[in-house]
Amino acid sequence: MRELVVLGTASQAPTRHRNQNGYLLRWDGAGLLFDPGEGTQRQMLLAGVSGHEVDRICVTHFHGDRLPRCSGRGSAAVAGPRATAGGRPLPGLRDGVLPGLRYAASFHEVAALREEPVEREGPVATGPFGTLEARRLDHRIETFGYRLVEPDGRRMLPDELARLGIAGPDVGRLQREGVLRHRGRQVSLEQVSEPRPGQRFAFVMDTRLCDGVYALADRADLLVIESTL
Ligand SMILES: [Zn+2]
């Protein structure tokens, strides 16, 4: 299943009906949480999202309306800017903000968070979802947008499979090996499938218009873009 659960869109200040930022992307078995502002855990509860669904937290920048409150359970990788600008260190991952948030209060730590500072444009992570990439945006502090790029694949054609009598484990074997010896004849993957372009999701926040915006939006199936500047 693939869906975007919008947990909040109110940026700096929540309203009676909108929470601060927070977006969960469900991508098959993976859960990517973007810019989880204050109150995200409660929004997740209201939306029926379990903390265990979150594998990865992606923070575009360390303004206060998109900071993760990480006192939950489970484990996740946290990507965000290391945050230096012109040699001047700014708060970011491993530079104080995240540890400061996590350890601002005393609690029994059960969440295993793995910090992955984003220092340059390019791939941040790869997985069954494809590639997660970062591009620099133009905001007051170091800011990265993200996009998830699924590689192109092939869609099996059930009618063709049925016509040739291919079923069960043979389908998987054909997908893995590209050819199948079946009922005395050779069947190729191309015969029973068609090209399926990979899907793309892009996330762009708080930026002036810049090259990174265009690069992230390029051929996106779903683009989340917001700025209250
Ligand atoms: Zn901002």
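Because the structure is a prediction, the values reported are computed rather than measured. The first residue of the sequence shown is numbered 1, and numbering continues consecutively from there. When a ligand or atom number is given, it counts from 1 through the structure's own listing order.
Closest N/O/S atom of D206 to the Zn ion (ligand 1): OD2. The atom of H63 that is an N, O or S and sits closest to the Zn ion (ligand 1) is ND1.
Note on R200 versus E133: no salt bridge recorded, every NZ/NE/NH1/NH2 to OD/OE distance being 4.0 Å or above.
Contact check for Q175 versus M156: side-chain heavy atoms found under the 4.5 Å cut-off.
Residue L157 shares its hydrophobic cluster (ILVMFWY side chains chained together at separations under 4.5 Å) with no other residue.
Annotation: angle subtended at the Zn ion (ligand 1) by H139 NE2 and H61 NE2 is 100°, to 10°.
Under a hydrophobic-cluster definition in which Ile, Leu, Val, Met, Phe, Trp and Tyr are linked whenever side-chain heavy atoms come within less than 4.5 Å, directly or via other members, I225 and F144 are assigned to different clusters.
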